[in-house]
Amino acid sequence: MAGEVTIEEYTARELWRVFSDSPEKALAWYAGKRILVTGVVTESGPSVYATPKVELSDHEEGRPYAACILPRSDFPMLRKFRKGMRVTFGGTCRGLTFDREMVLLKECMVIE
């Protein structure tokens, strides 16, 4: 259909692998694009910038692969994210976190 936008979908671990295999290439391709990321919640709470953050992995005790930053107005929503819960976010890819440990997505919203 004309004008239809395709949004790519990844698991948190798949997205991390794309960035860990070739960070410069991944950044050039994904930075600023809206993508969907699915994973298991390992942690939720405020980010270092006092914005709501949910970290995703491939299993409950796994290392986090994606950091999903929600709008400040969504702080009350953080209570619903429990460790081990499977969730999909849509967000804008910003590349790797400053410590290069996770892929950073901002302006995230819950898809399912």
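Every value quoted in this text rests on a predicted model; they were computed, and no experiment measured them. Counting begins at 1 with the first residue of the sequence.
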Rounded distance [0.5 Å steps], [atom1] in [X] versus [atom2] in [Y]:
{"X": "Thr97", "Y": "Ile69", "atom1": "OG1", "atom2": "CD1", "value": "9.5 Å"}
{"X": "Arg34", "Y": "Cys108", "atom1": "CZ", "atom2": "SG", "value": "7.0 Å"}
{"X": "Glu8", "Y": "Ile35", "atom1": "CD", "atom2": "CD1", "value": "8.0 Å"}
{"X": "Leu104", "Y": "Lys53", "atom1": "CG", "atom2": "NZ", "value": "9.5 Å"}

Inset, instruction - Before giving the answer on side chain to side chain contact (heavy atoms under 4.5 Å, CB included), spell out for Arg86 and Thr38 the whole-Å C-alpha distance, their side-chain angles and the decisive distance to 0.1 Å. - result: CA-CA 7 Å; Arg86 188 168 186 78; Thr38 300; 3.7 Å; yes
Inset, instruction - Using the side chain to side chain contact (heavy atoms under 4.5 Å, CB included) rule, take Phe89 and Leu70 through it: C-alpha gap first, then chi angles, then the decisive distance, then the call. - result: CA-CA 9 Å; Phe89 285 102; Leu70 288 70; 4.0 Å; yes
Legend entry - SB check Arg63 Glu101 (cutoff 4.0 Å): yes
Legend entry - Charged N-O contact under 4.0 Å between Glu107 and Arg94: yes
Inset, instruction - State plainly whether one hydrophobic cluster holds both Leu36 and Val18, where clusters connect Ile, Leu, Val, Met, Phe, Trp and Tyr through side-chain heavy atoms under 4.5 angstrom apart. - result: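 No: no chain of side-chain contacts under 4.5 Å links Leu36 to Val18.
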Inset, instruction - Decide whether Val41 and Ile111 are clustered together by the hydrophobic rule: side chain heavy atoms of Ile, Leu, Val, Met, Phe, Trp, Tyr closer than 4.5 Å, transitively. - result: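 Per the 4.5 Å side-chain linkage, Val41 and Ile111 are not co-clustered.
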Close side-chain approach of [X] and [Y], heavy atoms under 4.5 Å:
{"X": "Lys106", "Y": "Cys93", "value": "no"}
{"X": "Leu56", "Y": "Cys68", "value": "yes"}
{"X": "Pro46", "Y": "Thr51", "value": "no"}
{"X": "Leu78", "Y": "Ser44", "value": "yes"}
{"X": "Lys83", "Y": "Glu61", "value": "yes"}

Inset, instruction - Let me see the working for Leu105 and Thr92 under side chain to side chain contact (heavy atoms under 4.5 Å, CB included), right down to the final yes or no. - result: CA-CA 5 Å; Leu105 289 95; Thr92 302; over 6 Å; no
Inset, instruction - Can you establish whether the number of heavy atoms outside Met109 located under 6.0 Å from its atom CE is more than 12? - result: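 Incorrect, the count does not exceed 12.
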Inset, instruction - Apply the test side chain to side chain contact (heavy atoms under 4.5 Å, CB included) to residues Val103 and Tyr65: give CA-CA distance (whole Å), side-chain angles for both, the deciding distance (0.1 Å), then the verdict. - result: CA-CA 6 Å; Val103 179; Tyr65 294 111; over 6 Å; no
Inset, instruction - Assign the ring pair Tyr10 / Tyr30 to parallel, tilted or perpendicular, where the plane angle (0 to 90°) is split at 30° and 60°. - result: perpendicular
Inset, instruction - Answer yes or no: is there a donor N or O on one side and an acceptor on the other, between the side chain of Thr42 and the main chain of Glu60, under 3.5 Å? - result: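 No; judged by distance alone, with no hydrogens or angles, the pair does not exist.
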Legend entry - Where Gly95 and Leu27 come nearest, the two heavy atoms and their spacing: CA-CD1, 3.7 Å
Inset, instruction - Please name the pair of heavy atoms, one in Ala12 and one in Ala66, separated by the smallest distance, quoted to 0.1 Å. - result: CB-CB, 4.1 Å
Legend entry - Identified side chain to side chain contact (heavy atoms under 4.5 Å, CB included) partner of Val87 from the options Val40, Val110, Val37: Val110
Inset, instruction - Could you list the residues that satisfy side chain to side chain contact (heavy atoms under 4.5 Å, CB included) with Lys33, not counting sequence neighbours? - result: Trp29
